[in-house]
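In what follows, every chain begins at residue 1, and chains take the letters A, B, ... in the order their sequences are listed. Just so you know, these numbers use all the heavy atoms, side chains as well, and skip hydrogens, waters and symmetry mates.
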Amino acid sequence: MRGGLAAFAATAAAILLFGCASQGAAPKAASDAPSVKASVPRYQPPADPYPSTYRPYPGVPTAITGATVYDGEGGRIENGTVVMVDGRIQAVGGPDTPIPEGAVRIDGRGRWVTPGVIDVHSHLGDYPSPGVDAHSDGNEITNPVRPEVWAEHSVWPQDPGFSRALANGGITTLQILPGSANLFGGRGVTVRNVPGRTVMAMRFPGAPRGLKLACGENPKRVYGNRNTMPGTRMGNVAVFRATWQRAVEYRERRARDPNTARDFQLETLVEVLEGRMLVHNHCYRADEMAIMLDMAREFGFRIASFHHAVEAYKIADLLQQRNTCAAMWSDWWGFKMEAYDAINENIPLVHNAGACAIVHSDDANGIQRLNQEAAKALADGRRMGIQIPDEVAWRWLAINAATALGIADQTGSLRQGKRADVVLWNGNPFSVYTRPQQVWIDGALMYDMNNPRLRPVSDFELGQPGEGDTK
Amino acid sequence: MKRLSLLLAGIAAFAAVPATAQTVAITGGRVVIGDGSEPIEGGTVVIRDGRVVAAGANVPVPAGAQVVDASGKWVTPGVVAGFSRIGLVEVDAVNGTNDTRANNSPFNAAIDVAPAVNPEAMAISVSRAAGVTRAVVSPAATNRSLFAGQGAVIDLGGDMQPITRARLFQYIELGEAGAGSAGGSRAAAHLMLRNALREARELSRPGGRPDDVLLTRADATALVEVLAGRQLLLVHAERASDILQVLALRQEFPTLRLVLVGATEGWRVAREIAAARVPVIANALNDLPATFEQLSATQSNVGRLRSAGVNVAIGMINDDEARQVRVSTQYAGNLVALTRIPGATGLSWGQAFQAISSAPAEALGLGGEIGSLRPGRRGDVVIWDGDPLELSTGVDAVWIDGVRQNLENRQTRLRDRYRRPQEGNLPHAYDPR
């Protein structure tokens, strides 16, 4: 590799592809004459390396009529019509909504239409099925500070979990995150739930990346067991603060002197400081979430959402004040001390306080049932007197999730001009007896329960027992 | 001394007899027997002396019975968790509270979970409030032996006597996990099993045990009951070929009473399982190739097994089995949902409810005791405010052994404390009870 690079760099027009800051001796230039400086072009990092190559698949003008429509923002239309043209929502309305000539018409009577479901916390692809060591790529457990790793560079696009999420869960968009072993887990990526040969072919165009942080038991247990910092919660916070301080100083240095050597760790954090990258913070306990919110203020960044947030109900008022979402489970609890105080009414209590509530999975099975988890939480809330209409609760799976991911302008609700990410359910989507009937992504029909041809089979499943089966 | 003996007498009396179970008649509800039959409108359930007297239409209400009006509600047997580790764990990650496995014990098959079950585990009160009344509780195997030990069936009642039947079954691993514990291959696991059964058989031979045994005397003794068919043998196997090997054990050991646990690929050898008349306790909704043992996983597994004539029940195997048995109703409802998906095979409502009530009971040989509202069964009854399998439904009342249960638990207490997150005139710690 070295020799090849030296040979390559010998060409006058060659561009050095590797930053030389930390990798040892740089390859020699074509000549060692003093004028060599002028002949080596300055390396300009591309603004978007690993760019999305995702293109919507072809669709046809389609109109669903007669359905109960949840627009994902809290609106409900009975006997509703949804029209999709050229990959976009063209119209959402009542039975008199105009339908283009020649559009495919789908009878939605007795059925519901919602925006495609969004899961803000998934490890599909980086902890895929089968769960073998060779594919265990979600946690770079070599240092608690790893903001330089990108989850998308671990994503195996052939994970069979993606198709289950589509067919059983109506999932059209998901954020794939690093795990929570590290304080700074790395960059997350938002993807379309459309099979691709490469992760770039799945990447949601224009979606901001996320930064995964984790507080609480996981980092201090992993590194404390190795007798390295952090070994305590106070150690967690100290390492967080020291790292954010380095980022603040790096940002100032780079602003003064653009020739400052690149640091991929701190570069990620500067993206956060400058508001281009959204922070998703795995955090369970109320007191720790409060500390993280103050830390965000200390260093001038925003936490877009807490994930898991098992005790969010205890600080629902604080979450509302600080405009921070909470992505939660309906009723998972008890596996760690920090999950011991979970209650079934967490999500509706957060919603009731005026804060942004989201239902997430963090699980390849749970992602197939986010609508069911939302239904349980909704019912538990009603039983304690928090009456939230069905169509308003659907925000937890739609616009709230899209907002946390910074893509609310593109998807997350059925609004004219947005991407046609649509699920036609075969009944009330808050019923256990309901499943997706058809799913469109960017107006292309990507799943149809009545058409075995539209049941994706990943490379891994080809030639295996059960290939092509209804899963 | 007198005070002590009175105290002891009081304790003995308390321990010997459960709280008085008076005669109860639950009337007007939609009654589900739990045997697969369809619900009965406007039925009555009568419980006396801790047992079901009768359930169905036209059941007379005994004089003097406490009448509970269940109009507009559903009345069912309590949910039976077909496979779990509930009561053995408080917080999984806190080792001192986790009694599912003993990685450094010299014993394996002899291990008996009964003394380890804590009826005050938070998971028990949480699950009781969701309508679960009995649970199959199994030890977990370690990486040193394919024998996990002896499991029990418990009730989830709010008293200090949880055990319904102790040492009801032996649990063993015969897939990848078993292979690992036997030294690294399935072949070694099968040899290890046969060797162990042979050592059990030779325990009573004249001249005592030979010198080169692998099992402790205690472990070999435990397997005598299994070999004789007096104790069930629950075998965890997922892969189709492994399942066939489990069924083949009966050719070598015809007295074994086998139950298959897991069986994610069971649908592919459903005919063989049905022919062997081996019951199956399966995860309801495995549909991912989570391991190479589960390549053909599909949610239609349970439905296809049932269609082929297999007696199949739902359990939670390696799936939050210590804390989340309450999702059994959600899982069962999902199996009904499959009946509306072309190409999928699901269960009818009655079959699905059976899979979480009488089917697990019968798989464990306790169909005469629990899991249904047939006459003579334990008085485990739940009143639901709607369809028990539907997500919006809540539990109104629970009886276990005919005793009305308290449905409050730590989660309800936390909920009530934090209805309003903000403090009032005093910190939350001072909130009135």
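Stacking of B/R417 on the aromatic ring of A/Y313 is not recorded, the 6.0 Å distance cut-off and the 45° axial limit not both being met.
A distance of 9.5 Å separates CZ in A/R383 from CZ in B/R415, rounded to the nearest 0.5 Å. Atom OG1 of B/T298 sits about 6.0 Å away from atom NZ of A/K471, to the nearest 0.5 Å. Of the inter-residue distances, the one linking A/W333 atom CH2 with B/D320 atom CG reads 10.0 Å to the nearest 0.5 angstrom. The line from CG of B/D387 to OH of A/Y433 is 3.5 Å long, rounded to the nearest 0.5 Å. For the atom pair CZ of B/R419 and CG of A/L349, the computed distance is 8.5 Å after rounding to the nearest 0.5 Å. The distance from atom OG1 of A/T470 to atom CD1 of B/I341, rounded to the nearest 0.5 Å, is 8.5 Å.
There is a side-chain donor-acceptor pair under 3.5 Å between B/N334 and A/R435.
Residue contact with chain B, scored on non-hydrogen atoms closer than 4.5 Å, involves the backbone of A/F430 exclusively. Residue contact with chain A, scored on non-hydrogen atoms closer than 4.5 Å, is absent for B/L335. With a threshold of 4.5 angstrom between heavy atoms, A/R382 does not approach chain B through any atom at all. Heavy atoms closer than 4.5 Å to chain A are found nowhere in B/V89, neither backbone nor side chain. For chain A, the nearby part of B/V94 is the side chain; its heavy atoms alone come within less than 4.5 Å. Looking at B/N301, neither its backbone nor its side chain comes within 4.5 Å of chain A, counting heavy atoms on both sides. When heavy atoms are compared at a cutoff of 4.5 Å, B/Q324 approaches chain A solely by way of its side chain, counted from C-beta outward. Of the two parts of B/T291, only the backbone, made up of N, CA, C and O, holds a non-hydrogen atom closer than 4.5 Å to a non-hydrogen atom of chain A. For a residue to count as touching a neighbouring chain, one of its non-hydrogen atoms must lie under 4.5 Å from one of that chain's; by this rule B/T97 does not touch chain A. Using a 4.5 Å cut-off between heavy atoms, B/R326 touches chain A through its side chain atoms alone. If you measure heavy-atom distances from B/A123 to chain A, the contacts under 4.5 Å come from both the backbone and the side chain.
Residues A/R369 and B/Q330 are in side-chain contact: their nearest non-hydrogen atoms beyond the backbone lie under 4.5 Å apart.
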Output, in order, the C-alpha distance, side-chain angles, deciding distance and verdict of side chain to side chain donor-acceptor pair (under 3.5 Å) for B/Q411 and A/D341. CA-CA 7 Å; B/Q411 293 186 346; A/D341 280 10; over 6 Å; no

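Using a 4.5 Å heavy-atom cut-off against chain B, the contacting residues of residues 157-165 of chain A are A/P160, A/G161, A/R164.
Summarising the geometry of A/V432 relative to B/G333, their closest heavy-atom pair is CG2-C, 3.7 Å, with the distance given to 0.1 Å. For the pair B/A337 and A/T434, the tightest heavy-atom approach, listed with the atom from each and the gap, is CB-N, 4.4 Å.
A salt bridge is absent between A/D469 and B/R268: the closest approach of a Lys/Arg side-chain nitrogen to an acidic carboxylate oxygen does not fall below 4.0 angstrom.
With A/N365 as reference, B/L288 is the one residue of B/L285, B/L288, B/N283, B/D319 to meet the side-chain contact (heavy atoms from CB on, under 4.5 Å) rule.
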